[in-house]
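For reference, the structure is listed below as structure tokens.
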There are 2 protein chains.
Amino acid sequence: MSEEPRARATLTDVAKAAGVSVGTASKALNDRFDVKSETKARVQRAAADLNFRPNALARGLLAGRTQSVGIVTNDLDGRFAPKIVVGVENALGADQSSVLLSITRGDPALEAHYIRGFQERRVDGILIVGNIPESRPPAQDLHDTPAVYVFAPSSDPRDASVIADNLAAGTMATKHLTDLGRRDIFHLGGRPGEVAARDRAEGTRSQLTAAGLPVSPFQILYGDWSEQWGWDAVGGILASGAAVDGLVCGDDTIARGAIDRLLAEGITIPDQVAVVGFDNRPVLAQYGRHPITSVDMELEAIGSRAAQALMTGHPAPGVLAHPGHVAARWSTLGTANQR
Amino acid sequence: MSEEPRARATLTDVAKAAGVSVGTASKALNDRFDVKSETKARVQRAAADLNFRPNALARGLLAGRTQSVGIVTNDLDGRFAPKIVVGVENALGADQSSVLLSITRGDPALEAHYIRGFQERRVDGILIVGNIPESRPPAQDLHDTPAVYVFAPSSDPRDASVIADNLAAGTMATKHLTDLGRRDIFHLGGRPGEVAARDRAEGTRSQLTAAGLPVSPFQILYGDWSEQWGWDAVGGILASGAAVDGLVCGDDTIARGAIDRLLAEGITIPDQVAVVGFDNRPVLAQYGRHPITSVDMELEAIGSRAAQALMTGHPAPGVLAHPGHVAARWSTLGTANQR
DNA sequence: CTGAAAGCGCTAACAT
DNA sequence: ATGTTAGCGCTTTCAG
């Protein structure tokens, strides 16, 4: 019964329908004070009828800001990046900003390409999210676009980075065990080439020392991030006859392997040996048959803090390390199942 | 030695620097034929010197298209959505389009809010990504914006949806076992209230029938998506004394629990009992101590197909179900470890 | 081959 | 309280 409203309604259309000028329509829709409330209502009615959506391109062109940030990430199907993105989105939602997402698959040329694209779209800033906690060279072609590196810090200290504090995490995990009175603690670390593995192990070392416990090199072991390594390491420790009443495992997969082996050997958890993991992965730590006490690195919080730093427009140089918290469960407490 | 180039260079700046008009500069940078190659080079030089980035807002305002699509998702830290987003990104990258991402946490009001925001930003289309495979009511306020529902189909058949084909997946998983000569097959399903659990189970039932095997109700069991259920179900089957040489488990967690129990009972895998899971989750199926044969739902492909459908501008109504494939591993083959 | 000018949709002066 | 106009940065006719 009406003309087909093919193209999107423009402010001019709304103004025409309401019988006012574009200027007045603009003020009415932006709820400015100098418009009679009656006309304001009339314009709003017309806008609703026409299903009007103000063109953010036109608005952004004029304003010089777009209320948007770009996220450049290596990879989204790892287990870190998605949570970081959620945190970013949370922090930005409060600011009515939206998120542009790109995935570089670790290709620096693709990264540069996406950064250029974001600059063309006039994002207000860029978050560069890594999927492993190793430091990385600064992004090319960033020029004066505000940027914050997340999870994988920039190797240039003048850049702003927000990362997980694996050293503090290692300390917390170990303190959880020493606070429970454990004294014969081993650390089953991940790959020794990776800084996360070394930092977590170093956290254990420093907390053992702080607790007045001796630390022998045989207590800090490295392997890889696998169940098999946790399984084998426990076998080795038991075979050696060494006393053990606590295990700090470099991540939840190692912890799972260690726990399965302990149980297979008839050892009771946590009475005889208490076990802590890292990463607090639901599938392993929370929903397995044997819930694992694990250090949650609070990746969402890391994302949020990075987004907040970016939104200032002038993120402070340097590295901000976020500590996380211990989610205590059966593998150290025997029953409780905290977040 | 030069003025500080505070604000971004504009095309006018470039034209000025190259000593041409904006019109000519525009043509030169867009590599149009009617520009002398010498001036073309001069303009490109100037653009590079000034670190010029064409303003996509201005361009989009003029063109009426923005080369961008919006993704509205419930949740990004589930295990499905991130892979779907990766697939979307892959398909779109080929088209120079970029992705706007939003997370609704399942709140319909927030969903409507984000959809409006995307419309204001003049996205070329919207993908509505669910985190569980249940159908959902159509999004509000979409009007004539092209949209495709992904993973969670729209309940309105006039909408376009791309989903995982759980029925086909159940059939494939079971066929993998019957092809290996297994005849006494049980299905350990997930929550009976969920369509994914029912479809996968129905796939098993239909393949058993197709293979000429009798199907008793006691072979199709439901529980929940947990290791504990897999563990308990195996215990029950063994206690019943029923013959069993194959298990189709509703997901990888159930399969993991089932495998752990079989091994704990001294049963050899796959010789005595072969086990298949679903979802092909790396942490369980690939990197556990006992690699699990699992149906990969190919979520990336689902995302890509949805993006491609969207890019036509007129996605075809109806539901497109994507079948996935079997990733065969130790739990059915004994040794091989395929993707 | 190059320049001038209109206009995409909107907001912010400035008039009235 | 409302209308008019300039202009954000770009592409695209249309002249020259």
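What you see is a predicted model, and the numbers here were worked out from it, not measured in a lab. By convention in this document, chain letters (A, B, ...) are assigned in the order of the sequence lines, proteins followed by strands, and residues within each chain are numbered from 1.
- The side chain of Lys27(B) lies closest to dG3(C), out of dG3(C), dG9(C), dG7(C).
- When each of Lys36(A) and Pro54(B) is assigned the nucleotide of DNA chain D bearing its nearest heavy atom, the one mapping closer to the 5' terminus is Lys36(A).
- With a heavy-atom cut-off of 4.0 Å to chain A, the contacted part of DNA chain D has its first and last nucleotide at dA1(D) to dG9(D).
- One interatomic measurement links the two molecules: CG of Leu61(A) to P of dC8(C), which rounds to 14 Å at whole-angstrom precision.
- Rounded to the nearest 0.5 Å, atoms CE (Met297(A)) and CG (Asp279(A)) are 7.5 Å apart.
- Nearest heavy-atom pair, Phe80(B) versus Asn131(B), reported as atom, atom and distance to 0.1 Å: CD1-O, 3.2 Å.
- Across all strands shown, Thr10(A) has heavy atoms under 4.0 Å from sugar-phosphate atoms exclusively, and none from any base.
- Between Thr24(B) and dC1(C) there is no side-chain N or O to OP1 or OP2 distance below 4.0 Å.
- Per the geometry, CZ belonging to Arg121(B) stands 15 Å off P belonging to dC10(C), to the nearest Å.
- Whole-Å rounding puts the Arg32(B) CZ to dG3(C) C1' distance at 15 Å.
- Distance, Glu38(B) CD to dC1(C) P: 12 Å, rounded to whole Å.
- Ionic pairing of Glu111(A) and Arg136(A) is present here: one or more N-O contacts between side-chain nitrogen and carboxylate oxygen are shorter than 4.0 angstrom.
- Under 4.0 angstrom from either OP1 or OP2 of dC10(C) there lies no side-chain N or O belonging to Arg59(A).
- Here the P atom of nucleotide dG3(C) and the CG atom of Asp34(B) are 12 Å apart, to the nearest Å.
- We find the CD-CD1 distance between Glu120(A) and Ile115(A) to be 12.5 Å, quoted to the nearest 0.5 Å.
- With values rounded to the nearest 0.5 angstrom, Asn51(B) atom CG is found 12.0 Å from Asp13(B) atom CG.
- As a whole-Å value, the separation of Leu62(A) CG from dA13(C) P is 10 Å.
- Other residues, nucleotides and ligands contribute only 12 or fewer heavy atoms inside 6.0 Å of the CD atom of Gln140(B).
- In this structure, Glu120(B) places its CD atom 10 Å from P of dT11(C), rounding to the nearest Å.
- Listed candidates were dC8(C), dA4(C), dC14(C). Nearest to the side chain of Ser21(B) is dA4(C).
- The residue Asn55(B) sits close only to the backbone: its heavy atoms come under 4.0 Å of sugar-phosphate atoms, none of a base.
- Counting non-hydrogen atoms under 4.0 angstrom, Phe33(A) reaches nothing in the nucleic acid.
- Arg105(B) and Asp107(B) are not joined by a salt bridge, as no carboxylate oxygen comes within less than 4.0 angstrom of a charged side-chain nitrogen.
- Of the two residues near DNA chain D, Ser37(A) and Gly23(B), the one whose nearest nucleotide lies more 5' is Ser37(A).
- Regarding Arg122(B), its CZ atom lies at a distance of 11 Å from the C1' atom of dC10(C), rounded to whole Å.
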